[in-house]
Amino acid sequence: MPIRRLLLLVILFSLLTSSLSSRYGAHAQKLSVNTANIDNGTEEIGEWLRLFKEPFSIYVQRGETAQFTIVVLNTSDNVVIENVTVSDQLTPDCNLEIGALAPQGKASYTCRRENVQEAFTNEAVVSGENANNGKPDSASDTARIEVLELFAVIEPQTNTIPSPGGSLTLKVTLTNHSSVKVKLESLISPELGDLADPQNGIVENNTCTGVVGQQLNANGGQYECTFTTDVTGSPGDYTYNITATGIGAGIAPVSGSGTTVVKIFETIAASLTAEDEKIVVGSRIKLTATIRNLSESTNVNILALEDENLGDVVPHGNCSLPKTLAPGGASVSYTHLRAHETS
């Protein structure tokens with residue numbers, strides 16, 4: 001080939017590349033990269049048609065929506081491509097009939113896949129026909145959708161403790177159900193503070209201080225730790241929450257939360273009944289006190305029994321203390337006498 005002709009072809013190619021870059025910006029740059037890496041199986045280019053599905057990788061929480069941008073180019077300077085159609089088997093929302101695409105024409109639009117439950121590779125294909133000779137033309141591109149999901153579970157050694165409460169051990173289990181690795185970054189409890197902090201004075205025997213930086217493998221990787229804390233107070237429900245955060249694949253934030261309830265329960269119930277409903281002023285009243293163990297798992301030791309007027313009732317009746325009541329509703333009754341001095 002003569003040197004002059006070769007130089008002319010180089011100049012024309014340079015002008016074409018410059019035109020694409022100025023007209024389509026990042027898309028033209030991507031075109032040159034895709035052409036150079038056509039063997040990687042990600043994109044397939046046609047004679048004139050090009051399709052780009054962006055972004056290349058999408059990270060969504062399980063159940064959320066993945067959104068794409070589809071860009072279709074006709075790279076020819078003088079050929080119209082007719083009957084241009086985009087099809088996407090896994091994301092029907094991306095299907096579109098574009099029609100005719102003029103030389104150097106461009107069509108772009110957004111589409112979405114709702115309720116993503118599993119990771120998948122999504123391919124969009126554009127097809128059309130050369131208006132001059134009817135020759136088919138097509139191109140394709142793929143995008144990878146990764147699912148993010150981090151489970152956080154907090155479990156107490158027991159869900160119930162007798163009043164007034166006491167020290168309780170809790171276990172934390174973090175499970176990565178994402179399709180990518182997750183690096184843990186924090187473990188926080190509104191009630192118990194920063195569980196990764198060795199100086200946290202609310203908890204003791206804390207093995208959760210090593211949580212930051214832990215790598216959880218995709219599809220089931222786990223991290224477990226335990227700590228103890230003081231659970232005391234009036235009978236009732238005490239709620240404890242945790243939230244763990246991490247980074248998926250080094251780029252995508254992910255978090256998970258868990259909650260548990262610990263119940264402090266009354267251990268005994270006491271009742272007092274009189275033998276007679278009507279009594280004479282100045283006579284003695286025969287009273288029966290019944291004490292019941294409400295716990296399903298703990299013995300109750302009765303150490304003292306007092307009457308508001310008599311004080312210790314042991315000298316005034318058949319009360320013999322101490323007395324141990326087994327769990328599951330065991331009870332005992334004592335009878336004592338008290339003088340009735342008012343009408």
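For S127, the side-chain contact (heavy atoms from CB on, under 4.5 Å) partners at least two apart in sequence or on another chain are T85, S138. Checked against side-chain contact (heavy atoms from CB on, under 4.5 Å), N115 has the following partners two or more places apart in sequence or in another chain: Q117.
For the residue pair T175 and Q222, a side-chain donor N or O sits within less than 3.5 Å of a side-chain acceptor on the partner.
The closest donor-acceptor contact from the side chain of N74 to the backbone of A102 lies under 3.5 Å. Not one N or O on the side chain of D93 forms a donor-acceptor pair closer than 3.5 Å with the backbone of R113. Between the N176 side chain and the G220 main chain, no donor and acceptor come within less than 3.5 Å of each other. With hydrogens and angles disregarded, a donor-acceptor distance shorter than 3.5 Å links the side chain of S179 to the backbone of V147. Of the possible donor and acceptor atoms, none in the side chain of Y223 sits under 3.5 Å from a partner among the backbone N and O of V172. The backbone N or O of T110 sits nowhere less than 3.5 Å from a side-chain atom of Q67 that would complete a donor-acceptor pair. Checking side-chain atoms of S178 against main-chain N and O of V180 turns up no donor-acceptor pair under 3.5 Å. D194 contributes no side-chain N or O that, together with a main-chain N or O of N200, makes up a donor-acceptor pair within less than 3.5 Å. Between the side chain of S57 and the backbone N or O of R144, no donor-acceptor pair lies under 3.5 Å. Without hydrogens or angle criteria, D137 side chain to G128 main chain gives no donor-acceptor distance under 3.5 Å.
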Would L187 and C225 count as a side-chain contact (heavy atoms from CB on, under 4.5 Å) here? Give the steps.
CA-CA 11 Å; L187 181 60; C225 61; 4.2 Å; yes
Set out, in order, the CA-CA distance, both residues' side-chain angles and the distance that settles side-chain contact (heavy atoms from CB on, under 4.5 Å) for L184 and L174, then state yes or no.
CA-CA 9 Å; L184 297 176; L174 306 178; 3.7 Å; yes
Between N205 and F227, does a side-chain contact (heavy atoms from CB on, under 4.5 Å) hold up when you go through it step by step?
CA-CA 5 Å; N205 306 316; F227 58 87; over 6 Å; no
Run S163 and F265 through side-chain contact (heavy atoms from CB on, under 4.5 Å) and show every step you take.
CA-CA 6 Å; S163 174; F265 61 90; over 6 Å; no
Carefully, step by step, assess T121 and T142 under the rule side chain to side chain donor-acceptor pair (under 3.5 Å).
CA-CA 7 Å; T121 299; T142 60; over 6 Å; no
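Closest heavy-atom contact between P253 and I251: CD-O, 3.6 Å. Across all their heavy atoms, A152 and I242 have their closest contact at CB-CD1, 4.1 Å. In terms of heavy-atom proximity, E123 sits nearest to S140 at OE2-OG, 3.4 Å. Residues A124 and D88 share a closest heavy-atom pair of CB-OD2, 3.9 Å. Taking both residues in full, the closest heavy atoms of A139 and L49 are given as CB-O, 3.4 Å, listed atom of the first, atom of the second, then distance. Among all heavy-atom pairs drawn from C208 and N206, the shortest one is N-OD1, 2.8 Å.
V212 and L216 fall within the same hydrophobic cluster, defined by Ile, Leu, Val, Met, Phe, Trp and Tyr side-chain heavy atoms under 4.5 Å apart, directly or through other members. No single ILVMFWY cluster, assembled from side-chain heavy atoms under 4.5 Å apart, contains both V125 and I98. F120 and Y59 are assigned to two separate hydrophobic clusters, defined by single-linkage of ILVMFWY side chains at heavy-atom distances under 4.5 Å. Residues I58 and I70 fall into different hydrophobic clusters, defined by Ile, Leu, Val, Met, Phe, Trp and Tyr side chains chained together at heavy-atom separations under 4.5 Å. Under the 4.5 Å side-chain heavy-atom criterion for grouping Ile, Leu, Val, Met, Phe, Trp and Tyr, I145 is not connected to L148 through any hydrophobic cluster.
The pair K183-E185 fails the salt-bridge criterion, with no side-chain N (NZ, NE, NH1 or NH2) lying under 4.0 Å from an Asp/Glu carboxylate O. Between K135 and E47 there is a salt bridge, since at least one side-chain N of the basic residue sits less than 4.0 Å from a carboxylate O of the acidic one.
Counting non-hydrogen atoms of other residues, nucleotides and ligands closer than 6.0 Å to CD of E64 gives a total above 12.
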I'd like a table of donor-acceptor pairs (distance under 3.5 Å, sequence neighbours excluded) in which one partner is a side-chain atom from residues 255-264, with atom names and distances.
| unit_1 | atom_1 | unit_2 | atom_2 | d |
| --- | --- | --- | --- | --- |
| S257 | OG | T243 | OG1 | 2.9 |
| T259 | OG1 | Y240 | O | 3.4 |
| T259 | OG1 | N241 | OD1 | 2.9 |

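Atom NZ of residue K106 and atom CG of residue L101 lie 11.5 Å apart, to the nearest 0.5 angstrom.
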